[in-house]
Amino acid sequence: MGPITKEQVFEAAEALAAAGKSTKVVNVREKLGRGSYSTITEYMREWRQARKAPATPKKEELPQSVLDLAGGLWTAVMGIATESLEGERQVLEQQREEMEEEQREAIAFADNLLVEGEQLKEKLKELETLLANERSAHQATRNDLHSTTRELIEYRTSHESMRERLDDFKQRAERYEAQYYKSEEGMKTALRREAELENKINRLEGQIDNLQAEMKHQVENLVEELEREREKSTQAAKTAEVERAATQTAAIELAKLQGELSALKTIPRENKEDEVAE
C-alpha cells in the first residue's frame, strides 16, 4: 500500500463536508484510515485555499468624475492606511509565522506518536508471547514439584515400614537369645554375642536416626524450597532434581542398612544350629 495521494485527501474532505462534519485533519485521517499528519495537513491547506477562491465580480462602469474623485480619495486613504497598518502587518506576519511553526511542531509530534504507537503494539505482542511461555514453564515446574512430593511421601511410608520390621527383628532376636542361655557356656557366648549384637543394633539405630533426621531436614528444606519456587518458578526444576538425587541416595543407604539387619537376623539361627549339633 503506497502513500496517500492528494486526490484521496480531497475526496475524504469533500465527503466530510457533504455530510456536514468537520474537515479537521484528525477527521480526514480517521476517514482515510492511514497517512501521516504532515502530508494530510499540506493537502488540506490546498483544499481549503481552493474552496476559498472568490468569484470574479462583475464590474460596472462609473462616470469619469466619480472615478477621479474616488481615485484621489483612494490614494489619500491608502497613504494613511499604509502608514498605520504597516506595524500591525508586521506583528500579524510574525504571529502567523509563529502559528505555522507551532503547527509544524504539532504535526511532527503527532507523526512521532503514530510511530511510537506502532512500536508499542509490537512490544505488547512480544510481552504477551513471553508471558504465555512463562506460564507454560511455570505449569511444567509445578507438575514436577507435585511428582517429587509424592515420591517423598512414598519414601516416608517405606521408611516407617522398615522401622516396624526392625522392631520385629529385635523381638525375635530377644527370643533367640533366651533360648541360647540354657548353658553357662552358652550364657557367656550369648552375653558376648548380645553385646556385639546390641552394639550393631545401636549403631544401626543411630544410623537410622541420623538418616531419619537428615531426611526430615531434607524434607523441611524441600518444603521451604517449594514455597520459594512458587515465586521463582524457573529454579524449581533444578532444586527438585537435587532433592530427588538426595532422596535416592538416602534410599540406597537405607537399603544397605536393611541388608545388614537381614545379615544380623541369621546370627541367632546359626548359633541355635550349633547348640543342636553339640
Side-chain angles (χ1 to χ4, degrees), residues 1-63 66-139 231 233-234:
M1 182 179 295
I4 59 173
T5 63
K6 181 190 300 185
E7 289 74 15
Q8 291 174 332
V9 175
F10 282 12
E11 290 177 2
E14 293 291 347
L16 289 173
K21 298 181 180 179
S22 174
T23 57
K24 294 180 179 179
V25 174
V26 175
N27 294 343
V28 174
R29 187 186 184 283
E30 182 177 357
K31 186 169 183 63
L32 291 171
R34 63 191 183 92
S36 67
Y37 283 100
S38 57
T39 302
I40 296 175
T41 300
E42 180 181 354
Y43 290 156
M44 284 299 298
R45 187 181 293 112
E46 295 181 17
W47 180 80
R48 291 192 180 96
Q49 291 175 354
R51 287 174 60 89
K52 290 181 180 179
T56 304
K58 184 178 180 181
K59 296 183 178 180
E60 296 182 359
E61 296 183 358
L62 296 175
V66 175
L67 293 175
D68 293 339
L69 178 60
L73 292 174
W74 176 255
T75 302
V77 171
M78 285 300 296
I80 297 172
T82 301
E83 294 177 358
S84 62
L85 296 178
E86 183 62 28
E88 295 181 4
R89 184 181 295 109
Q90 293 178 358
V91 173
L92 292 174
E93 181 65 21
Q94 182 178 0
Q95 292 178 351
R96 183 185 64 80
E97 292 177 356
E98 292 177 353
M99 292 177 62
E100 289 180 352
E101 179 64 24
E102 292 177 355
Q103 184 180 19
R104 287 192 294 269
E105 292 178 355
I107 291 172
F109 179 73
D111 289 338
N112 290 334
L113 287 179
L114 287 176
V115 175
E116 292 177 0
E118 294 298 327
Q119 293 175 349
L120 288 175
K121 288 181 180 179
E122 294 297 326
K123 186 64 175 178
L124 180 60
K125 291 180 180 179
E126 294 178 1
L127 291 176
E128 289 176 349
T129 302
L130 290 175
L131 179 59
N133 294 337
E134 183 65 22
R135 287 177 176 173
S136 178
H138 179 65
Q139 184 62 38
E231 299 176 356
S233 60
T234 55

**Student:** If I take atom CZ from residue R34 and atom OG1 from residue T39, how far apart are they, to the nearest 0.5 angstrom?
**Tutor:** 10.5 Å
**Student:** Less than 4.0 angstrom from a charged side-chain N to a carboxylate O is my criterion; do R51 and E14 meet it?
**Tutor:** yes
**Student:** Check T23 against R48 and note the closest heavy-atom contact, atom names and distance.
**Tutor:** O-NH2, 2.9 Å
**Student:** Taking all non-hydrogen atoms of both residues into account, name the closest pair between S22 and N27 and its distance.
**Tutor:** O-ND2, 3.1 Å
**Student:** Got K31 and L16 here, is their nearest side-chain heavy-atom distance under 4.5 Å?
**Tutor:** yes
**Student:** Check whether any side-chain N or O of S136 sits under 3.5 Å from a backbone N or O of A132 as a donor-acceptor pair, and report yes or no.
**Tutor:** no
**Student:** Within this structure, what is the CD-CG distance for the pair E126 and L124, rounded to the nearest 0.5 Å?
**Tutor:** 10.0 Å
**Student:** Which heavy atom of M44 sits nearest to which heavy atom of V28, and what is that distance?
**Tutor:** SD-CG2, 3.9 Å
**Student:** Could you go through V9 and E42, starting from their C-alpha distance and side-chain angles, then the distance that decides it, and tell me whether this counts as side chain to side chain contact (heavy atoms under 4.5 Å, CB included)?
**Tutor:** CA-CA 10 Å; V9 175; E42 180 181 354; over 6 Å; no
**Student:** Looking only at heavy atoms, what is the nearest atom pair of T5 and Y43, with distance?
**Tutor:** C-CE1, 3.7 Å
**Student:** Please report the shortest heavy-atom distance between Y37 and R29, naming the atom on each side.
**Tutor:** CZ-CD, 3.6 Å
**Student:** Would you say CD of E46 has more than 12 non-hydrogen atoms from neighbouring residues, nucleotides or ligands within 6.0 angstrom?
**Tutor:** yes
**Student:** Could you tell me the separation between the CD atom of E30 and the CD1 atom of I40, rounded to the nearest 0.5 Å?
**Tutor:** 11.0 Å
